[in-house]
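Have a look at the structure below, then the notes.
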Amino acid sequence: MTTTPSVTRVVAILVLVHFTIGSPLSAFGRPAAPRSGTEIAERPGHATARETVFDTVDGPVSGVGFRTPSDPVASSNDDTAFGIVFPYTADGTYAVCSRAATIAYTLRGARASTAEITRGKVAYREVFPGVDSVHRLDPTRSEEFLVLRNQEAPTEYDYDLHLSEGVSVEQRGDGGLRFDVEGREVEGESLSIEAPYAVDADGRRSTTAARYEIDAVPGRATLRLIVDTTGLRMPLVVDPSWVLTANMATSRDAHEAVWLGGGKALAIGGQTDSTPSPTRTCEIYASSTNAWTATGSLKAGRAFHRAVVLGNGKVLVTGGLGTTGTAIASCEIYTPSTGTWAYTGSMAAARAEHTATLLADGRVLVAGGYNGTPRVSLTRCEVYDPTNGSWSLVGDMPAAVAGHTATRMVSSYQNVNGRVLVTGGITYTAAGGSFIPLVASEFNPATNAWATPAYLTPPADMARYNHSATQLGIQQILVACGRTSTGLSNTYYLFDEVEYGNLRNPWRLNSHPFYLPRERAAIVTISGGTLNSYALVIGGFDAAGNAVSDVALYNWATNNPGLSQWTAMQKSRGRHAAVTLGNGRILVCGGYNSTNGSLKAGELMTIP
């Protein structure tokens, strides 16, 4: 079980406390003690009854209860994998239970704020002046956020811990704490509190902005959380951490992963060290169990392919490199309800390292890529119609490219909405050579044609491939890093859709580049919570060709990543896949590690 307090400010600060078990669990387990009363399932308002089932975005979680001050704190027992009990009011006692131990704690001096239940959250308002306490649940952990809204908020918080028999606590060298259970240790259920650190609004990371002090005697301890915001710009986020998931059954890189909804993600194909050719295997990650399970295999093994979730929830996979190492034209459809793949119409051109973009009208645009031996980049583009499973040729791109990006615009200004921006790419020639053209073009679904107006031409140093791009959701597209003719880049550009709609130069180069040049990184946009419309550039390969674990943060509000180091992953990886799970969590899976080759490991980050 991992207990991780973290911190932030919105004019202010956020303190995050994780309660998780050290090994993957299917649920919190049963409540720590039998609880009578009614179920409360997804009911906003005050908590008025003991609760044995709690609805979250991923479905019901068992092992959650509420207690009054007169209720005894349950002790652990062999039947309880993991459980948590909340007080009706914030001045009461919280309890976290595992098979090995129980830890009860109170937040000293907290006001008697009544618990409120929202979707996947328990909230206590004004526990201190200017401070709210919000607990977010999923089936593998509970997290506490102390939201410090103004300068009235305290910067020191004391937690009184009561330990069950045989449990001792000591501070680790890294600033975190470890709890030992003498003679009752259950493998995989180590209990710890991770050391906090802060990332501010400019992406600066500080390991000194928050710290713990511990005063322990047998059976109890006082844990003090101290916050120092000196030199950091608000808001702050303290201790966003990556947690390893269970391993996939198959190691893979150059694969695809998509969100299926309900806290589930699908990993598709890829290449693996264990076989000499791309794999057909696919696996589903479920956040409700923190585990991967096998699902139906592809009809054809493929790597460097592309996957898109269609409007009906099915998944379309296009092209890629087949088992012979050459590009293929075949395409498949995955049906989540049956867990099976079936062939659909094939593209007119075999291709790999192309782009596939879901259009606003439900069709899918496939553009560029390469085929042949040696590789030859393509200008040919096709559109898939899911209503009849067929492909139609549309206008060719202005340049033949592979390793480019394609991002759908969202602005409704001047009919920009729904058009697709293509940036960068490399041109492989039939003679076996290659070059990196300066290219940006726009696809208009209404006309099925491409355009390259003069004001769309990017700055000369933006020529690149194997870069990353994402729609920030604020009528801007972020284009970052990648490989240029002189090496790797750490620069990024913003594409302003409103300026483009006004027929003006839409490109903006930032004067504060990312701290690490990289290529083949994953990129995701964070939507909602304290970091709305931020973006994370995750992993990739450095200039020496080594996979990296670094994660860079882009803050659209300041347009400045500055020293944009975010929490590093536990594994270095490139050619990996990243997907947002729709509930403030980001899943990264697979990828190539310079030491270990293709990876089975996945990682999960929770965003406050």
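Residue numbers start at 1 and run along the sequence shown. Keep in mind that what you see is a predicted model, and the values were worked out from it rather than measured.
- In this structure, Arg408 does not pair ionically with Glu497, as no charged nitrogen and carboxylate oxygen lie closer than 4.0 Å.
- Looking at Arg351 and Glu382, a side-chain N of the basic residue comes within less than 4.0 Å of a carboxylate O on the acidic one, giving a salt bridge.
- One distance of note links CD1 of Ile328 with OG1 of Thr323; it measures 8.0 Å at 0.5 Å rounding.
- One side chain, Arg302 or Ser330, offers a donor N or O that lies under 3.5 Å from an acceptor on the other.
- The closest side-chain heavy-atom distance from Ile477 to Thr470 is not below 4.5 Å.
- Between Tyr455 and Tyr500, the ring planes are tilted. Angles from 30° to 60° get that label.
- Under the 3.5 Å distance criterion, with hydrogens and angles disregarded, no donor-acceptor pair is assigned to the side chains of Glu499 and Gln475.
- For the residue pair Thr491 / Arg464, a side-chain donor-acceptor distance below 3.5 Å is found, with atom types taken as modelled.
- Contact between Ala440 and Leu456 at its shortest, heavy atoms only, is O-CD2, 3.7 Å.
- With 3.5 Å as the limit, one finds a donor-acceptor pair spanning the side chains of Thr272 and Ser251.
- Using the six-membered ring where Trp is involved, Tyr492 and Tyr554 have ring planes that are perpendicular, over 60° apart on the 30 and 60° scheme.
- Between Arg252 and Glu283, at least one side-chain nitrogen of the basic residue sits less than 4.0 Å from a carboxylate oxygen of the acidic one, meeting the salt-bridge criterion.
- Thr324 and Thr326 form a side-chain donor-acceptor contact under 3.5 Å, judged by distance and modelled atom types alone.
- Annotation: the span from Thr340 atom OG1 to Lys299 atom NZ amounts to 7.5 Å, rounded to 0.5 Å.
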Does the side chain to side chain contact (heavy atoms under 4.5 Å, CB included) test come out yes or no for Asn448 and Arg363, once each step is laid out? CA-CA 11 Å; Asn448 287 335; Arg363 297 180 300 160; 3.4 Å; yes
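- Inspection of the Thr452 and Ser441 side chains reveals no N or O donor paired with an N or O acceptor under 3.5 Å.
- Side-chain contact check for Tyr428 versus Leu378: every heavy-atom pair is 4.5 Å or farther apart.
- No donor-acceptor distance shorter than 3.5 angstrom exists from the side chain of Asn502 to the backbone of Arg504, with no hydrogens or angles considered.
- When side chains are defined from C-beta on, Arg518 does not count as touching Asn490, because their heavy atoms never get closer than 4.5 Å.
- Looking at Thr423 and Thr405, their side chains do bring a donor and an acceptor atom within 3.5 Å of each other.
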Using side chain to side chain contact (heavy atoms under 4.5 Å, CB included), reason through Tyr285 and Leu266 one step at a time and then give a plain yes or no. CA-CA 6 Å; Tyr285 173 80; Leu266 173 67; over 6 Å; no
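- Ring geometry for Tyr384 versus Trp391: interplanar angle of 30 to 60°, hence tilted.
- Residues Arg575 and Phe541 meet the side-chain proximity criterion, which asks for heavy atoms closer than 4.5 Å.
- Looking at His305 and Thr318, their side chains never bring a donor and an acceptor atom within 3.5 Å of each other.
- Gln271 and Asp253 share a side-chain donor-acceptor pair at under 3.5 Å.
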